[in-house]
Amino acid sequence: MRTTMTRSGRAAAVALGTLLLAGCGGGTQPGTSAAAPSAPATFSSPSSSPSPSSSSSGAFGKEAVRADLDAAVAAAGFPEGTQTGVPTPDASSDRPTTDKERARDQVVARMAACGPAWSSSDPPTSRDEEPGKERRQFHAVLAGLVERGWKETRPAEEVPLGERGSMVTAAYQKQGWTLYAHHTDMGLLHMATITATEDACTSQFTDEELALLED
């Protein structure tokens, strides 16, 4: 049974966000894909993945989405070392031990082919100590995306994470693509992640497959 676009988009954000968090230590400059990063996430398209729609090679496909994201990130003043591209798990990382974990990893790898993703990747110890600087830059990225035609579908909202901190989330759409943005403040960790996925690609996942990502 096919699922709704909203659920598949959110599942994609969770899946790609997990990979970005795993690889937040070694990024590339905006506009590039990492060939061999030191972090446990790489940025390439997995061989077994859903078939993208014809729009991926058209006027507004994956490269155009990545260009929007790169431009917004650069205009917001994020330093070199941020990441753009399509993250996929690295074979050298901890391997799954159960059938369910292996199935989940396969779904995550396929989902990663549905669009580009980005994260602020500087380690906390190397960041400017100016309070709130990265969050202001994060909101500047969102403003830059709006300037490039992305329509806000869920306004930025701050969600408490108990006593650990908070997370700001927002969602946007443009020409058959859905973009989810998150900024997390947890102690020394101040990290932004943005995932953009093609609706036609994420709609190919079944409810059963998406349930693996939501566990």
Side-chain angles (χ1 to χ4, degrees), residues 5 8-24 26-37 39-76 78 80-90 107-121 137-138 140-142 144-151 153 169-183 191-205 213:
M5 203 70 71
S8 60
R10 289 177 179 172
V14 170
L16 299 184
T18 298
L19 290 174
L20 287 170
L21 285 169
C24 65
T28 61
Q29 296 181 16
T32 63
S33 296
T42 59
F43 288 75
S44 60
S45 295
S47 56
S48 64
S49 58
S51 300
S53 75
S54 59
S55 67
S56 291
S57 58
F60 194 74
K62 190 178 295 183
E63 293 307 316
V65 173
R66 184 180 286 111
D68 277 356
L69 184 52
D70 288 341
V73 166
F78 272 100
E80 293 182 1
T82 55
Q83 303 174 337
T84 59
V86 181
T88 58
D90 181 59
V107 173
V108 169
R110 291 170 53 219
M111 186 71 79
C114 288
W118 166 87
S119 73
S120 58
S121 59
Q137 289 178 305
F138 170 73
V141 172
L142 301 186
L145 290 169
V146 171
E147 291 176 358
R148 290 162 177 81
W150 289 85
K151 306 298 183 183
T153 57
T169 64
Y172 299 81
Q173 289 185 332
K174 179 179 178 180
Q175 298 181 34
W177 289 75
T178 298
L179 181 148
Y180 286 91
H182 302 81
H183 184 276
M191 183 175 182
T193 62
I194 297 177
T195 61
T197 54
E198 188 182 22
D199 297 340
C201 184
T202 56
S203 68
Q204 297 178 50
F205 290 84
L213 303 179

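For the numbers below, each heavy atom of this structure counts, side chains included, while hydrogens, waters and symmetry mates do not.
In this structure, OG in S203 is found 8.5 Å from CD in E198, a value given to the nearest 0.5 Å. One finds the CZ atom of R110 at 8.5 Å from the SG atom of C201 (value rounded to the nearest 0.5 Å).
Annotation for W118 and L69: closest pair CB-CD2, 3.7 Å, computed over non-hydrogen atoms. A72 and V141 get closest at one heavy-atom pair: CB-O, 3.6 Å. Looking at every heavy atom in both residues, L145 comes nearest to D68 through CD2-O, 4.0 Å. Of all heavy-atom pairs spanning A117 and T195, the tightest one is CB-CG2, 4.0 Å.
Under the 30°/60° scheme for interplanar angles, the aromatic rings of H183 and F138 are found to be tilted.
A donor-acceptor pair is defined here as one N or O able to donate and one able to accept, closer than 3.5 Å; such a pair exists between the side chain of T153 and the backbone of A171. Between the side chain of K174 and the backbone N or O of F60, no donor-acceptor pair lies under 3.5 Å. In terms of modelled atom types and a separation under 3.5 Å, the side chain of T193 and the main chain of S119 share no donor-acceptor contact.
Contact annotation: the side chain of L179 never approaches that of Q173 to less than 4.5 Å [non-hydrogen atoms, C-beta and beyond]. By the 4.5 Å heavy-atom criterion applied to side chains, Y172 and T178 are not counted as neighbours.
Side-chain contact of D199 with W177: a donor-acceptor pair under 3.5 Å is absent, judged by distance alone.
Shown here are the side-chain contact (heavy atoms from CB on, under 4.5 Å) partners of A71, two or more places apart in sequence or in another chain: R148.
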